[in-house]
Undergrad: 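The structure's right below; bear with me while I get my questions together.
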Amino acid sequence: MPVSGGVEGLLPLLEILIERMAGGSVTTFARRLDLSKSGVWHWVRKGGSPSLPAWLAIARHSGLPLRRLFAGDLSDWTPPVEPVQLTLPLLTSPRKGIRSRELDWDAIREQLRTLLAEETPITLVEACRRTGVEHKLLYLRANAETRALVDRSRRYQEALRQGKVGRLQEQVGQLVQERLEEGYEGISAREIWARLDDELKSVRHTYRHVAKAVVANDA
């Protein structure tokens, strides 16, 4: 790298830098700047010249711009107590402006108990919507209330399903009986399906239930 005065001016410059930044110790200077100790000795004793990365390390730790180092200008220079840190632009945190929310778990558990007492059971999804808390946290911090709510909802949904199946079987029986009274020998599952309302058509495995009901009524 070009330094004012050439090789003759480089050695005094390096000696001053090492003296002021490391008390004249080549070992300390190399360690502080994360440079090779043998490399620094080569500059001082063999007339070697620092590489560009080495000059950048010297500039960063000394606080001197490269143009002053290359000019050998150390006038009014005092080494910084701590190495100068590079100023790097940081990306804005995605959580900036988001305030942490403190939850009143006593109040949330009481709210869940109130939901449990409602006439019509609600699903866990609905409970999360009403409390404003995700299901994982409800299980973690209000486990007993959450499990009771889920169990009640499942039993309610099963009762609804069984009720639909019972109504389906009853309606199939009526259709079979009407067909027999009209003089027909029976009725197919496809014909029954066409005469069911939308709610009964939504029953899981509808055709299976219809077929069982037809057989039961034919017996």
Undergrad: Strictly by salt bridge (charged side-chain N to carboxylate O under 4.0 Å, His left out), give each pair with a member in residues 33-43 just once, sequence neighbours left out.
TA: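 Pairs touching residues 33-43 that pass the test: none.
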Undergrad: With heavy-atom distances below 4.5 Å as the criterion, would you say the side chains of Pro79 and His61 are in contact?
TA: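 A side-chain contact is absent here, since even the closest heavy-atom pair is not under 4.5 Å.
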Undergrad: Quick check: closest heavy atoms across Ser153 and Ile122, and the distance to 0.1 Å?
TA: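 The pair with the smallest heavy-atom distance is CB-O, 3.3 Å.
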Undergrad: Less than 4.5 Å apart, side chain to side chain, heavy atoms only: is that true for Leu137 and Ile108?
TA: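 Result no, sub-4.5 Å side-chain heavy-atom pair not found.
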Undergrad: Give a yes or no answer on whether the side chain of Arg109 reaches the backbone of Arg141 with a donor-acceptor pair at less than 3.5 Å.
TA: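 Answer holds: yes.
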Undergrad: Quick one: CG on Leu112 to OG1 on Thr131, what's the gap to the nearest 0.5 Å?
TA: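 Output value for this atom pair is 6.0 Å.
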Undergrad: Indicate the atoms forming the closest heavy-atom contact of Arg32 with Met21, along with that distance.
TA: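 Here Arg32 and Met21 meet closest at NH1-O, 2.6 Å.
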Undergrad: List the atom of Arg152, the atom of Leu116, and the distance in Å for their closest heavy-atom pair.
TA: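 Where Arg152 meets Leu116 most closely, the heavy atoms are NH1-O, 3.0 Å.
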Undergrad: Which value, rounded to the nearest 0.5 Å, describes the distance between Glu15 atom CD and Leu10 atom CG?
TA: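 One gets 9.5 Å once the value is rounded to the nearest 0.5 Å.
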Undergrad: Testing the basics here: between Cys128 and Glu134, what is the closest heavy-atom pair and its distance to 0.1 Å?
TA: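 Looks like SG-C, 3.9 Å.
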Undergrad: Could you check whether any side-chain N or O of Asn143 sits under 3.5 Å from a backbone N or O of Glu145, counting only pairs where one atom can act as donor and the other as acceptor?
TA: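 Checked: no pair found.
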Undergrad: Apart from Tyr156 itself, what residues make up its hydrophobic cluster, given side-chain heavy atom links below 4.5 Å?
TA: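 Once heavy-atom contacts under 4.5 Å are chained together, Tyr156 belongs with Leu160.
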Undergrad: Under a 4.0 Å threshold between the charged nitrogen and the carboxylate oxygen, would Arg155 count as salt-bridged to Glu158?
TA: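 Not counted as a salt bridge, because no side-chain N and carboxylate O are separated by less than 4.0 Å.
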Undergrad: Distance check, rounded to the nearest 0.5 Å: Glu110 atom CD versus Trp105 atom CH2?
TA: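 Between atom CD of Glu110 and atom CH2 of Trp105 there are 14.5 Å.
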Undergrad: Working note: Ser38 + Ser36, criterion side chain to side chain donor-acceptor pair (under 3.5 Å); need CA distance, chi angles, decisive distance, verdict.
TA: CA-CA 5 Å; Ser38 60; Ser36 166; 2.9 Å; yes
Undergrad: Nearest 0.5 Å, please: how far is OH in Tyr139 from CG in Leu124?
TA: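 So the CG of Leu124 and the OH of Tyr139 are separated by 5.5 Å.
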Undergrad: Scan residues 116-126 for pairs that pass salt bridge (charged side-chain N to carboxylate O under 4.0 Å, His left out), counting only residues two or more places apart or in two chains.
TA: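 For residues 116-126, and leaving out neighbouring residues, the salt bridge (charged side-chain N to carboxylate O under 4.0 Å, His left out) pairs sorted by first residue read Glu118-Arg130, Glu126-Arg129, Glu126-Arg130.
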Undergrad: Working to the nearest 0.5 Å, report the span between CD1 of Ile58 and CG of Leu14.
TA: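 With rounding to 0.5 Å, CD1 (Ile58) is 6.0 Å from CG (Leu14).
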Undergrad: Leu69 and Leu52: same hydrophobic cluster, using ILVMFWY side-chain contacts below 4.5 Å?
TA: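 Leu69 clusters together with Leu52.
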Undergrad: Minimum heavy-atom separation for Trp43 to Leu11, with atom names?
TA: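 In this case the closest contact between Trp43 and Leu11 is O-CD1, 4.2 Å.
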Undergrad: Nearest 0.5 Å, please: how far is CG in Asp73 from CG in Leu64?
TA: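 That separation rounds to 8.0 Å.
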Undergrad: Specify the closest pair of heavy atoms between Trp77 and Ser62, including all atoms of both residues, with the distance to one decimal.
TA: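 Taking Trp77 first and Ser62 second, the nearest heavy atoms are NE1-O, 2.9 Å.
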Undergrad: Crowded around Arg113 CZ? As in, over 12 foreign heavy atoms under 6.0 Å?
TA: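 Enclosed.
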